[in-house]
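Residue numbers count from 1 along this sequence.
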Amino acid sequence: MFVNLGGDESSKPTYFEVVAADRLVPSLKAAVVYALSVFSQRHPWVHRLLNYDDEVFALLTLALDGQSLFSTDSTFADSLYGLKRKPLRPGTERLSRKQRWLILACQVVLPYLRAKTEKAYRRLAATSPGSGVLGLALRYNAAQGGAVEEAGDGGSLASSGGGGGGGGGTSGEAAGSLGRRLQRAFVAAYPWMHAGMEGTTFAYHLAYLLGASPVHQPVLHALGVTMARTSAKDLMDAEKAKQARRQALLTSLLGGGAAALAAGGGGGGGGAASSSSSGPAGARAAALVAGARGGLVRGLLGARWLVEDHARSALILAVFGFKALEWWYTAAEDSLAKGKALPLPPPPPPPRPLPPPLGVGLPADPSDCPLCRRRTTNPAALATSGYVFCYPCLFAHVMQHGRCPVSGLAAGLDHVRKLYEASA
């Protein structure tokens with residue numbers, strides 16, 4: 001279905017295809033965690049699985065990639081994009097059994113260890129000294145449950161420390177000090193390790209994009225494996241091999257029934273020499289048992305093969321379905337929240353500016369004159385500062401001092417502006 005997505009069979013996979021295949025698994029993990037969180041709202045026992053989300057997804061990856069690698073030389077994500085993995089050594093088209101196991105181990109173990117290491121770093125970095133810009137970038141999206149895990153760890157440490165007494169206190173303190181030093185060393189070193197790994201991966205990506213490297217990941221280079229397109233011949237060979245394996249399994253399971261039927265028929269013939277009446281009945285009973293057994297075996301194997309053939313498509317459809325439901329309910333909640341949202345309150349007024357220290361100051365009541373400290377009569381404003389005074393007070397002060405009484409700005413009599421109230 002996805003074969004030859006970006007070119008023909010002999011062409012090299014594009015950078016965007018291999019990166020999209022790499023990004024599919026993290027998206028699948030997010031969908032699995034979201035699905036577990038949704039189910040846990042109705043079934044509380046599912047919530048326990050969220051505490052082991054890395055382990056659950058590692059087992060899921062082991063099942064999906066294992067079944068795909070040992071049948072088509074491609075991982076689950078690679079097969080969706082019409083890609084496969086083949087040895088770098090020229091002249092070899094199929095992966096060896098050892099390479100399949102190594103690829104499967106890298107697909108399962110490395111992401112699991114990385115996820116656990118990142119969680120440990122985020123938990124420890126919350127209480128340890130900072131480690132520069134790299135540590136700040138890693139702690140930007142810190143896990144929400146780090147504080148709870150630290151509380152549990154702290155309680156266990158406290159209980160174990162409280163149980164020791166006498167001479168055990170010194171050894172416990174030494175062990176605690178060593179543990180703290182190791183934690184600080186880990187917190188300081190992990191950002192640089194993470195930056196080194198990301199830098200190496202970026203260098204491989206850039207080299208693959210520019211055509212300078214046949215692989216886009218350092219792990220593939222270490223395993224001697226590269227990416228290639230899945231051809232129609234590969235699909236036909238894989239289908240033939242699958243059908244051959246299934247037929248061999250079916251024959252081996254049904255062969256025992258046929259042998260039993262033959263043995264029953266022979267025994268019935270020998271019995272016919274002694275008793276001709278029991279031979280046909282025994283043969284019919286053996287035939288019925290063998291037919292029922294064969295039908296049961298075919299039914300179970302058919303159900304198993306049906307799951308194997310359609311599990312991949314069902315899983316992808318389930319992921320898209322959960323993401324669609326998430327979008328649908330998020331959009332509905334946003335629309336409801338917008339209808340119920342209250343208008344924002346008006347912002348508070350700005351603070352009243354302080355008058356200059358060399359001026360006469362401002363009265364507590366804004367309607368009073370700053371000079372005479374009585375109710376302002378015949379108001380007038382000074383154009384250079386904007387303050388309002390009684391006209392006689394302002395006129396006399398500006399004539400004598402030539403500046404504003406409050407701000408001290410230079411002013412003349414032509415800057416005095418009388419204010420008039422509008423008539424009703």
Which atom pair, heavy atoms only, marks the closest approach of [X] to [Y]?
X: P363; Y: D368; value: CG-O, 3.5 Å
X: G361; Y: P370; value: O-CB, 3.7 Å
X: L83; Y: S74; value: O-CB, 3.2 Å
X: F389; Y: P405; value: CZ-CD, 3.7 Å

Please walk me through it: do Y15 and H216 pass ring-ring contact (aromatic ring centres under 6.0 Å, His included)? CA-CA 8 Å; Y15 171 78; H216 70 288; 7.8 Å; no

Within a 6.0 Å radius of atom CZ on R417, are there more than 12 heavy atoms belonging to other residues, nucleotides or ligands?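 Check passes, neighbour count above 12.
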
How about F16: does its CZ atom have over 12 heavy atoms from other parts shown lying under 6.0 Å from it?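 12 or below, so no.
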
Out of the candidates R229, R100, K86, only one should pair with D73 under the salt bridge (charged side-chain N to carboxylate O under 4.0 Å, His left out) rule; please name it.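 So the option named by the test is R100.
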
Side chains of E198 and T201: is there a donor and an acceptor less than 3.5 Å apart?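 Side chains of E198 and T201: no pair found under 3.5 Å.
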
Using a distance-only test with no angle check, is there a side-chain donor-acceptor pair under 3.5 angstrom linking T75 and D78?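 Looking only at side-chain atoms, D78 and T75 do form a donor-acceptor pair, the distance falling under 3.5 Å.
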
Do H221 and Y204 make the cut of ring centroids closer than 6.0 angstrom?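 They qualify: ring centres under 6.0 Å apart.
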
Is the terminal nitrogen or CZ of K12 (NZ for Lys, CZ for Arg) located under 6.0 angstrom from the six-membered ring centre of Y208 and within 45° of that ring's axis?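 Because its charged atom sits under 6.0 Å from the ring centre and within 45° of the axis, K12 does stack over Y208.
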
Rounded to the nearest 0.5 Å, what's the gap from OG1 on T61 to CZ on F76? Could you check?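 So the OG1 of T61 and the CZ of F76 are separated by 9.5 Å.
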
